[in-house]
J.: 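Quick one: the structure is below, questions incoming.
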Amino acid sequence: MGTVRRAENLSCKASRRDVRQVLDTGISIMYPRSQEMNRLFFDEARIRVEAGAGGDGCVSFRREKHVPLGGPNGGNGGPGGDVYLEADRHLNTLINFKGRRHFKAGRAGHGQGQNKQGQKGKEITLRVPPGTLVRDTETAELLADLRTAGQKVLVAQGGRGGLGNAAFASPTNQAPRIAERGDQGESRWLVLEMKLIADVGIVGCPNAGKSTLLAAVSAARPKIADYPFTTLVPNLGMVSIEDRDFVMVDIPGLIEGAHAGAGLGHDFLRHIERTRVLVHLLDGASADPLQDLDGINEELKLFNPGLASKPQLVVLNKMDLPQTQELWPLIEEEMGSRGVPACSISAATGSGVRQMLYRVLQLLDSLPEEPEMVRQETAVFRPPKEEEEGFTITVEEGGVRVQGKRVERLVARTDWRYDESVRRLHRTLERLGVTKAMEEAGVQNGDTVYIGDTELEWS
Ligand SMILES: Nc1nc2c(ncn2[C@@H]2O[C@H](COP(=O)(O)OP(=O)(O)OP(=O)(O)O)[C@@H](O)[C@H]2O)c(=O)[nH]1
Ligand SMILES: [Mg+2]
């Protein structure tokens, strides 16, 4: 079960001598000393992934006794190695990426004679904790959301192998001396971001006593003070009750407009997106706790409707104050009529807190079990195909540059050792209209033309 497993992984019996670890993004988590520092918790990493290049195609002809001119038998280059990310349930941090940032899959073997295809490049699979979001650094596009163990995603595809001369044989050209070079593998920078998964989130207005409650039920020691916005970053705590453990998160207080960035809560609301249950803590010292309740629920809904529909336990805090005790019957009745479970506590004295935790457990147990998550699936996320055939011509210092996906790829695949490869390139450039456009642009024989990484002399 998700809850228990995470509990074992994160921390066990809390000791007083805890270690506070402040994460890169400012989230703090308490670890018992026994956990050692090798359990440091990182929740964001930047890495570069490079897939392997494809192998080059081969030009070769059959050699047999008494057969002077055998047919072409040059094999294709192998495909370059891919880079995958896979969610692994034994991991709960991104610490593995702290020291190492570059990951490169293997390049493929070249094609060989006797129609032998080059060997495929060695692929690599990087393991990440479940709950990892993968984004492209440049575009910030979300490439994958690796929620469950076993989910796997291709993040950089190996280059295609170049065709060998056997592939170019045709009735009109039975002895082609032409082969392609392999494509480069894809490469990109990625941001890995781990959404901390807490089972229970505490939401409420500033000063409601959220941090006091977290401190009362776990070993976490968040700052507590009598002014709003004491909590600046979420705090996680491990709660143990009846042989059960669950993770609770206390986030900064929410105010009207929080969904749109008011107060501090906005950036942190995402940390409760994956909680299973919310404890909605009401400030018993507030002028109108019911209005607070509705206001915050509205904010949750505006941020993400899924948040507002999570099961809630409404908890009236500060029952040690006489004014709160007076309020309770009203709240209890109102919640009863709404059909929302509610209870009252004093986080400061601890009264009612244990009963509250049982109610939380009950709620957790009433939810459908998250399926044990081993799903073998390989998702491939590709950006939509760009306009491939188009190209542009610009005059640069010392020559002209031709830019266009298809054109650049054609040139990169050309193996200049073979005249026929070069002639084929010319033909294709002509067909695509590049040659004509160059003439119109005034390019003359002998001018320098840049295409991709290649410098050509125009003829
Ligand atoms: N009397 C009384 N005071 C409490 C209780 N719980 C919390 N407080 C006080 O309320 C104030 C705010 O408590 P916090 O735990 O910091 O409140 P919070 O909800 O975390 O506040 P922010 O982090 O600012 O959003 C502190 O002065 C606490 O001592 C309680 O049960 N009774
Ligand atoms: Mg707080």
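Order of listing sets the numbers, starting from 1, for every ligand and every atom in it. Scope of the values below: all heavy atoms of this structure, side chains included, with no hydrogens, waters or symmetry mates.
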J.: What atoms of ligand 1 come closer than 4.0 angstrom to any heavy atom of A348?
T.: 5 (C), 30 (C), 31 (O), 32 (N)

J.: Quick one: nearest non-hydrogen protein atom to atom 23 (O) of ligand 1, plus distance?
T.: T231 OG1, 2.7 Å

J.: With nothing but distance in play, are any N or O atoms of G209 less than 3.5 Å from an N or O of ligand 1?
T.: yes

J.: N/O/S atom of T230 under 2.8 Å from the Mg ion (ligand 2), yes or no?
T.: no

J.: Nearest to atom 6 (N) of ligand 1, what protein heavy atom do you find, and at what distance?
T.: N317 ND2, 3.2 Å

J.: Can you find an N or O of P206 that's nearer than 3.5 Å to an N or O of ligand 1?
T.: no

J.: Does any N or O of ligand 1 fall below 3.5 Å from an N or O anywhere on I224, backbone included?
T.: no

J.: With the threshold set at 4.0 Å, does a side-chain nitrogen-carboxylate oxygen contact exist between D136 and R188?
T.: yes

J.: Do any nitrogen or oxygen atoms of T230 lie less than 3.5 angstrom from nitrogen or oxygen atoms of ligand 1?
T.: yes

J.: Please confirm whether G253 comes within less than 3.5 Å of ligand 1 when only nitrogen or oxygen atoms on both sides are compared.
T.: yes

J.: Return yes or no for this condition: an N or O of M319 is under 3.5 Å from an N or O of ligand 1.
T.: no

J.: Can you name the atoms of ligand 1, numbered from 1 with element, that are less than 4.0 Å from a heavy atom of L321?
T.: 1 (N)

J.: Could you list which atoms of ligand 1 come closer than 4.0 Å to a heavy atom of T212?
T.: 6 (N), 7 (C), 13 (O), 14 (P), 15 (O), 28 (C)

J.: Give yes if a backbone or side-chain nitrogen or oxygen of I345 is under 3.5 Å from a nitrogen or oxygen of ligand 1, and no if not.
T.: no

J.: For atom 20 (O) of ligand 1, grab the closest protein heavy atom and report residue, atom and distance to one decimal in Å.
T.: S211 OG, 2.8 Å

J.: Within less than 2.8 Å of the Mg ion (ligand 2), any N, O or S from T212?
T.: no

J.: Does S346, backbone or side chain, put an N or O under 3.5 Å from an N or O of ligand 1?
T.: yes

